[in-house]
Structures are given as C-alpha cells and as structure tokens.
Amino acid sequence: MKNILCFGDSNTWGFTPGSGVRYDENTRWTGVLQRELGADFRVIEDGSNARTTVYEDPCTPWRLGCDALPVALVAQKPLDLLVLMLGTNDLKFVDAFSAARGCDALIALTEAVQARRESSLVFPNGVKILLVSPILIDPAVENDPFGTLRNAAAESRSFAKYYRHVAEAKGVFFLDAAAVAQPSKIDGIHMEPESHRALGQAVAREVRRIFE
C-alpha cells in the first residue's frame with residue numbers, strides 16, 4: 001500500500017461556501033481521490049482553514065504551514081507521496097510569486113526533514129512531491145466588505161505560472177488545480193462538490209502516472 005499525505009488549507013479541509021461547515025469525507029476531493037485510487041493507496045488528509053505557507057497571520061494563529069508540515073511528515077510516516085496545495089491565504093499578505101516562493105520553502109523543508117533520518121525515513125523510497133497550484137479566486141470576493149482576500153482575484157491568475165517554475169526548479173511533479181476546478185460564486189474562494197470531484201479525479205490521474 002502506498003501512503004499519500006495531502007497537505008493544504010480550507011479547500012483540502014472541505015470548507016463549504018457560505019456556511020463554513022465541513023463537507024463529508026465522500027465529497028471532499030481527498031475522499032474522491034481515495035475512492036478513485038482504491039485499496040492499494042491510503043490518502044491522509046491534513047487541511048487547515050486559513051493555513052499559509054511561510055507567512056505569519058497575526059490575526060489567525062496556528063496556521064503556518066512551515067510549522068505544521070514537519071510534524072505531519074514525521075507523524076504520518078512512512079509516506080510515498082506528499083500532495084502540497086497551499087498559497088491562497090498567502091495572498092492576504094503577498095503576491096502569487098511570493099506564494100510560490102513559500103511553497104519552494106516547504107519543499108526544501110520536506111527534504112530537510114527527510115535528511116534527518118530519525119529512526120526511519122519519512123519517504124523510504126525517496127521524496128516524491130506533487131505541487132498543486134491553487135484554484136483561482138473569483139472577483140466575487142470583492143463584494144465581501146470584511147473579506148481578507150478582496151484584492152486577490154487578479155493575482156491568483158498567476159499561480160500556475162509561478163508554481164510550475166518552482167516545480168521544474170525543484171524537480172517535483174506539478175498540477176494546476178485551476179485547470180479542472182473553480183471557486184464558488186457564493187464566496188469566490190471555496191469549491192463546490194463538482195469541483196471537489198473534478199480535482200480529486202485529476203489528482204488521481206496524476207498519482208497513477210507518478211507510480212506507473
């Protein structure tokens with residue numbers, strides 16, 4: 001059996017647009033991924049609302065990806081693949097280029113955790129990472145007077161370009177989530193069930209290709 005850790009933010013956690021309640025495990029893209037891959041794979045979810053890559057949010061503590069990722073890697077080992085999809089919440093503070101740099105730092109951190117060789121390797125067969133650039137942010141966010149991503153829609157359109165550059169430079173696999181999934185018009189940020197399904201299926205296709 002191959003173990004896959006999916007590390008992300010509210011769209012990995014399963015935030016329902018409008019209500020904020022969590023989609024059930026069969027609706028979330030990680031659940032779709034598990035269903036598509038079958039019993040030969042174990043999909044491990046680690047999503048957190050408002051999680052960033054490396055940028056501290058003074059208003060929302062305990063959301064730094066660079067703090068949580070090493071813990072998740074060590075806790076969930078042995079792993080065969082890390083699926084990393086973060087960066088949307090970085091746009092509260094920085095641009096898409098800097099969000100991609102944050103993911104670059106998380107990839108380097110993963111390699112550093114692997115290099116420690118504590119008791120056993122996190123990735124016994126070598127580090128494998130699938131970097132997923134986030135879905136776009138819809139201009140609907142501009143209608144939320146209290147939203148923290150009101151000016152991020154245009155910047156999100158550069159996610160795929162910069163993330164692809166990071167993936168190529170780091171030698172990791174890449175998938176553009178925005179090519180298959182869209183944000184809801186309700187809040188402009190989170191996915192509805194059809195996009196969760198499409199993303200889970202797309203990630204499954206990429207996972208099969210990685211391990212073929």
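Owing to the predicted nature of the structure, the values given are computational and were not obtained by experimental measurement. Excluded from the calculations below are hydrogen atoms, water molecules and symmetry mates; all remaining heavy atoms, backbone and side chain alike, are included.
Side-chain contact check for L82 versus L130: every heavy-atom pair is 4.5 Å or farther apart. Residues H190 and S10 form a side-chain contact, since some pair of their non-hydrogen atoms from C-beta on lies under 4.5 Å apart. No side-chain heavy atom of P183 sits less than 4.5 Å from a side-chain heavy atom of I189. The shortest side-chain heavy-atom distance between L81 and K2 does not fall under the 4.5 Å cut-off. L79 has its side chain out of reach of K128: every pair of non-hydrogen atoms, C-beta onward, lies at least 4.5 Å apart. With a 4.5 Å cut-off on side-chain heavy atoms, E56 and L64 count as touching. At least one side-chain heavy atom of V207 sits under 4.5 Å from a side-chain heavy atom of L37. L86 places a side-chain heavy atom less than 4.5 Å from the side chain of L106.
Listed for the R164 side chain is no donor-acceptor partner under 3.5 Å among the backbone atoms of F174. Between the side chain of D80 and the backbone N or O of N125, no donor-acceptor pair lies under 3.5 Å. The backbone N or O of F41 sits less than 3.5 Å from a side-chain atom of Q34, completing a donor-acceptor pair. Judged purely by atom type and a 3.5 angstrom limit, E194 has no side-chain atom pairing as donor or acceptor with the backbone of A198. A donor-acceptor distance shorter than 3.5 angstrom exists from the side chain of Q114 to the backbone of F123, with no hydrogens or angles considered. Not a single donor-acceptor pair under 3.5 Å links the side chain of R42 to the backbone N or O of I4. The main-chain N or O of G31 is never found under 3.5 Å from a side-chain atom of E25 such that the two would form a donor-acceptor pair. Judged by distance alone, the side chain of S195 and the main-chain N or O of Q182 form a donor-acceptor pair under 3.5 Å.
Residue-environment remark: CZ (R35) exceeds the threshold of 12 foreign heavy atoms within 6.0 Å. No more than 12 heavy atoms of other residues, nucleotides or ligands lie within 6.0 Å of CZ in R116, so this atom counts as exposed by the packing criterion.
Evaluated for a side-chain hydrogen bond (donor to acceptor under 3.5 Å, both in side chains) with R51, the options D67, T12, D57, D46 yield exactly one hit, D46.
Classification of the W13-F15 ring pair by plane angle, with boundaries at 30° and 60°, yields tilted.
Between V180 and A202 the shortest heavy-atom distance is CG2-CB, 3.9 Å. Minimum heavy-atom separation, P124 to P78: CG-CB, 3.6 Å. Taking all atoms of both residues into account, the shortest heavy-atom contact from I107 to I129 is CG2-CD1, 3.9 Å. Of all heavy-atom pairs spanning A99 and V94, the tightest one is N-CG2, 4.1 Å. For C103 against T53, the heavy-atom pair with the smallest separation is SG-CG2, 3.9 Å. Contact between L73 and V122 at its shortest, heavy atoms only, is O-CG1, 3.7 Å.
L131 and L33 end up in different hydrophobic clusters when Ile, Leu, Val, Met, Phe, Trp and Tyr side chains are linked at under 4.5 Å. Each of V166 and M85 belongs to its own hydrophobic cluster when Ile, Leu, Val, Met, Phe, Trp and Tyr are linked at side-chain heavy-atom distances under 4.5 angstrom. Grouping the Ile, Leu, Val, Met, Phe, Trp and Tyr side chains by contacts below 4.5 angstrom, directly or via other members, places L84 apart from F173. The hydrophobic clustering, which links ILVMFWY residues whose side-chain heavy atoms are closer than 4.5 Å, places V141 and F159 together. The hydrophobic cluster containing V113 does not contain V71, counting ILVMFWY residues as joined when their side-chain heavy atoms lie under 4.5 angstrom apart, directly or transitively.
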- Query: Yes or no on side chain to side chain donor-acceptor pair (under 3.5 Å) for N89 and T52, after CA distance, side-chain angles and deciding distance?
  - Reply: CA-CA 5 Å; N89 294 298; T52 60; over 6 Å; no
**OP:** For the pair W29 and R197, evaluate side-chain contact (heavy atoms from CB on, under 4.5 Å) and give the outcome as yes or no after the intermediate values.
**Re:** CA-CA 6 Å; W29 72 264; R197 183 169 56 253; over 6 Å; no
Hey, mind stepping through Q201 and V32 against side-chain contact (heavy atoms from CB on, under 4.5 Å) and telling me if it holds?
CA-CA 7 Å; Q201 291 170 343; V32 175; 4.1 Å; yes
| message | Please evaluate residues T27 and D24 with respect to the criterion side chain to side chain donor-acceptor pair (under 3.5 Å), reporting the C-alpha separation (whole Å), side-chain torsions for both, the decisive distance (0.1 Å), and the verdict. | response | CA-CA 5 Å; T27 301; D24 65 77; 3.0 Å; yes
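Here the CZ-NZ distance, from F97 to K161, works out to 10.0 Å after rounding to the nearest 0.5 Å. Taking CG from D95 and OG from S156, the interatomic distance works out to 12.0 Å, rounded to the nearest 0.5 Å. Of the inter-residue distances, the one linking N151 atom CG with I137 atom CD1 reads 10.5 Å to the nearest 0.5 angstrom. Once rounded to the nearest 0.5 Å, the distance linking OH of Y23 with OG1 of T16 reads 4.5 Å. Atom SG of residue C6 and atom CD1 of residue I44 lie 8.5 Å apart, to the nearest 0.5 angstrom. Atom OG in S48 sits 8.5 Å away from atom CG in D9 (nearest 0.5 Å).
The six-membered or imidazole ring of F93 lies away from that of Y55, with a centre-to-centre distance of 6.0 Å or more.
In this structure, K170 pairs ionically with D104, as a charged nitrogen and a carboxylate oxygen lie closer than 4.0 Å. Between K185 and E192, none of the side-chain N atoms (NZ, or NE/NH1/NH2) sits under 4.0 Å from a carboxylate O, so this pair counts as no salt bridge. For E206 and R209, the salt-bridge test passes: some basic side-chain N is under 4.0 Å from an acidic carboxylate O.
Inspection of the K77 and S119 side chains reveals an N or O donor paired with an N or O acceptor under 3.5 Å.
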